[in-house]
**Q** 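Sharing a structure below in structure tokens format, with a few things to ask.
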There are 2 protein chains.
Amino acid sequence: MKITYKGDYALKAVLDLALNYGSIVTIHELASRIQVPFKFLEQVLLDLKKGGFVESKRGKIGGYFLAKSPAEITIGEVIRFIDGPIEPIACVEKGYSGCTDLYKCVFRKIWVDVGRATSEIVDNITFEKLVNEVQASTEAVVYQI
Amino acid sequence: MKITYKGDYALKAVLDLALNYGSIVTIHELASRIQVPFKFLEQVLLDLKKGGFVESKRGKIGGYFLAKSPAEITIGEVIRFIDGPIEPIACVEKGYSGCTDLYKCVFRKIWVDVGRATSEIVDNITFEKLVNEVQASTEAVVYQI
DNA sequence: ATATACTCTACTATGTTAATAGAGATTATA
DNA sequence: TATAATCTCTATTAACATAGTAGAGTATAT
């Protein structure tokens, strides 16, 4: 798994929408809050829409909002959709001719293991969990003042 | 972690040298056995040499051989040296300005976890282990005949 | 000497990533 | 209905990484 900027931005965008679940958020607000180039974020959001993670409303008072509750979205789903398969090497998902050689691709099963271990983590973290974490940390800051 | 062809070839090369531990192997033999472009493999082997994984002997009857015993080399060491850090995103090792924002980079600790889980696997697999696996599988085939 | 084999540097083609640009479509509201 | 705000879609580009190729140079056994 390699997380690109696009994937990173997508996760931050979904997190922001999760933090604002119930209201509608413009790309502009989002872009300034999560510090991402506006035009790039536009594309990321269109992708997230195609993936069924977010919905949008056009026109004045338009914007984006989550298509499901934060509890129903995991970071694994998002990162897979935006950045592709979790596995560290293509041979784990595809045919990969290299596996026909003498060594019978002894490495393949290792990459499968790595993929599983990674999935174990990212598929069990929902945005609800992350929202709670963020809120707990910001509350903690408030109490310190 | 993303494993490139170079990393894949490096692992196969080390495995081949491990299977032939004790003897010296030419790039040519290696290239034909592990099915890798000769000139590309040359470079990979030079890198592996810089990394201290292999040694070489020039001239006639020259070739490559492991610098340490297969038991002393893990696939984690090799892959890190050839393909860079295990972590799925740069922010885990570097500064990464994105972490200064409101959300305090809630994702960062997840990537650290993923990196740890991956390391757990790849740092505990030595080439001795792989050699045993390969030999067991080829023996099994022999018995079947 | 010479053949064999490693060493080193440079080059190139291809693809991906990150970002920018701009015209178009939709909708609330004055 | 005009208009401003907002999402939608396609194209383009600069920079970088990857995968592979090329060729001249150096070392060594015989």
Side-chain angles (χ1 to χ4, degrees), chain A residues 1-13 17 23-32 34-51 53-67 79 82-85 88-91 96-98, chain B residues 1-13 17 20 23-32 34-51 53-67 79 82-85 88-91 94 96-98:
Chain A
M1 177 172 58
K2 190 196 151 204
I3 293 152
T4 65
Y5 272 80
K6 192 174 178 185
D8 184 49
Y9 295 166
L11 291 173
K12 286 184 176 165
L17 294 180
S23 54
I24 196 163
V25 178
T26 67
I27 304 180
H28 225 90
E29 291 176 86
L30 245 176
S32 74
I34 69 179
Q35 297 281 20
V36 167
F38 176 80
K39 293 298 279 181
F40 196 14
L41 186 57
E42 273 187 342
Q43 294 178 49
V44 174
L45 287 167
L46 284 176
D47 278 350
L48 285 171
K49 191 179 172 186
K50 278 183 204 144
F53 301 106
V54 303
E55 285 176 27
S56 60
K57 186 168 174 261
R58 288 172 128 187
K60 212 165 180 175
I61 315 193
Y64 279 92
F65 51 96
L66 288 190
I79 211 63
I82 299 293
D83 277 341
I89 196 168
C91 80
Y96 193 61
S97 65
Chain B
M1 177 171 60
K2 190 198 153 202
I3 293 151
T4 65
Y5 273 81
K6 193 175 178 186
D8 184 49
Y9 295 165
L11 291 172
K12 287 185 175 163
L17 295 178
N20 294 283
S23 53
I24 197 163
V25 178
T26 66
I27 304 179
H28 228 90
E29 291 175 85
L30 245 176
S32 73
I34 70 179
Q35 297 280 22
V36 168
F38 176 79
K39 293 298 279 181
F40 196 14
L41 185 58
E42 273 188 342
Q43 294 178 46
V44 173
L45 287 166
L46 284 175
D47 278 351
L48 285 171
K49 191 179 172 186
K50 278 183 203 143
F53 300 106
V54 304
E55 283 176 27
S56 61
K57 187 168 171 262
R58 288 172 127 189
K60 215 166 178 176
I61 314 193
Y64 278 92
F65 50 96
L66 287 189
I79 211 63
I82 299 293
D83 277 341
I89 196 169
C91 80
K94 294 188 196 162
Y96 193 63
S97 65

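Worth knowing before you read on, the calculation uses all heavy atoms, side chains too, and leaves out hydrogens, waters and symmetry mates. Every chain is numbered from 1 and lettered A, B, ... according to where its sequence line falls, protein lines coming before strand lines.
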**Q** Which heavy atom in B/Leu48 sits nearest to a heavy atom in B/Ala13, and how many Å separate them?
**A** CD1-CB, 4.3 Å

**Q** Ignoring backbone atoms, test whether B/Thr4 places a side-chain nitrogen or oxygen under 4.0 Å from the OP1 or OP2 oxygen of D/dA19.
**A** yes

**Q** Who are the ring-ring contact (aromatic ring centres under 6.0 Å, His included) partners of A/Tyr64, not counting sequence neighbours?
**A** none

**Q** Compare side-chain N and O positions of A/Lys49 against OP1 and OP2 of D/dC7 and report whether any pair is under 4.0 Å apart.
**A** no

**Q** In terms of relative ring orientation, are B/Phe38 and B/His28 parallel, tilted or perpendicular, with 30° and 60° separating the classes?
**A** tilted

**Q** Want to settle it: does A/Asp83 or B/Tyr64 sit nearer the 5' end of DNA chain C, counting the closest nucleotide to each?
**A** B/Tyr64

**Q** Please tell me if A/Ser56 has a side-chain N or O lying less than 4.0 Å from either OP1 or OP2 of D/dT8.
**A** yes

**Q** Please collect all side-chain hydrogen bond (donor to acceptor under 3.5 Å, both in side chains) contacts where either partner lies in residues 37-46 of chain B, sequence neighbours excluded, each pair once.
**A** B/Lys39-B/Glu42

**Q** Compare every heavy atom of B/Thr26 with every heavy atom of B/Gly62, then report the nearest pair and how far apart it is.
**A** O-CG2, 3.6 Å

**Q** So, taking the atom named CG in B/Leu66 and the one named CG in B/Leu17, what distance separates them when rounded to the nearest 0.5 Å?
**A** 5.0 Å

**Q** Round to the nearest Å and state the distance from A/Lys50 atom NZ to D/dC7 atom P.
**A** 16 Å

**Q** Could you name each residue pair satisfying salt bridge (charged side-chain N to carboxylate O under 4.0 Å, His left out) that touches residues 54-67 of chain B, not counting sequence neighbours?
**A** none

**Q** Between D/dT6 atom P and A/Glu29 atom CD, what is the distance in whole Å?
**A** 8 Å

**Q** For the residue pair A/Leu45 and A/Val54, what are the closest heavy atoms and their distance?
**A** O-CG2, 3.9 Å

**Q** Which heavy atom in A/Ile24 sits nearest to a heavy atom in A/Ile61, and how many Å separate them?
**A** CD1-O, 4.1 Å

**Q** Under the side chain to side chain contact (heavy atoms under 4.5 Å, CB included) test, which residues partner A/Ser32, sequence neighbours left out?
**A** none

**Q** Would you mind reading off the distance between A/Ile3 atom CD1 and C/dA18 atom P, rounded to a whole angstrom?
**A** 12 Å

**Q** Between C1' on C/dG15 and OH on B/Tyr5, what's the gap in Å once rounded to a whole number?
**A** 13 Å

**Q** Please state how far atom NZ in A/Lys2 lies from atom C1' in C/dT16, giving the value in whole angstrom units.
**A** 8 Å

**Q** Return no unless some side-chain N or O of B/Tyr9 is found under 4.0 Å from OP1 or OP2 of D/dG20.
**A** yes

**Q** Tell me, with the steps shown, if A/Val36 and A/Val44 meet side chain to side chain contact (heavy atoms under 4.5 Å, CB included).
**A** CA-CA 10 Å; A/Val36 167; A/Val44 174; over 6 Å; no

**Q** Checking A/Phe65 now: which residues fulfil ring-ring contact (aromatic ring centres under 6.0 Å, His included) with it, not counting sequence neighbours?
**A** none

**Q** For nucleotides 14-16 of chain D, list the nitrogen or oxygen atoms of the protein found under 3.5 Å from its nitrogen or oxygen atoms, one pair per line.
**A**
none

**Q** C/dT17 P sits how many Å from A/Ile82 CD1, rounded?
**A** 12 Å

**Q** How far apart are the closest heavy atoms of B/Asp47 and B/Lys6, and which atoms are they?
**A** OD2-NZ, 2.6 Å

**Q** Contact between A/Ile3 and A/Ile82 at the side-chain level, heavy atoms closer than 4.5 Å - yes or no?
**A** no

**Q** I'd like a table of atom pairs between the protein and nucleotides 28-30 of chain D - only N or O on both sides, under 3.5 Å - with the distance next to each one.
**A**
| residue | atom | partner | partner atom | Å |
| --- | --- | --- | --- | --- |
| D/dT28 | O2 | B/Lys60 | N | 3.4 |

**Q** In dot-bracket form, how is DNA chain D paired, counting a Watson-Crick or G-U wobble pair only if both its distances are under 3.5 Å and using | for bases paired to another strand?
**A** ||||||||||||||||||||||||||||||

**Q** Specify the residues of residues 37-48 of chain B, ordered by number, for which at least one heavy atom lies under 4.0 angstrom from an atom of DNA chain C.
**A** B/Glu42, B/Gln43, B/Leu46

**Q** To the nearest Å, give me how far apart CZ (B/Phe65) and P (C/dA5) are.
**A** 16 Å

**Q** Between P on D/dC7 and CD1 on A/Ile27, what's the gap in Å once rounded to a whole number?
**A** 4 Å

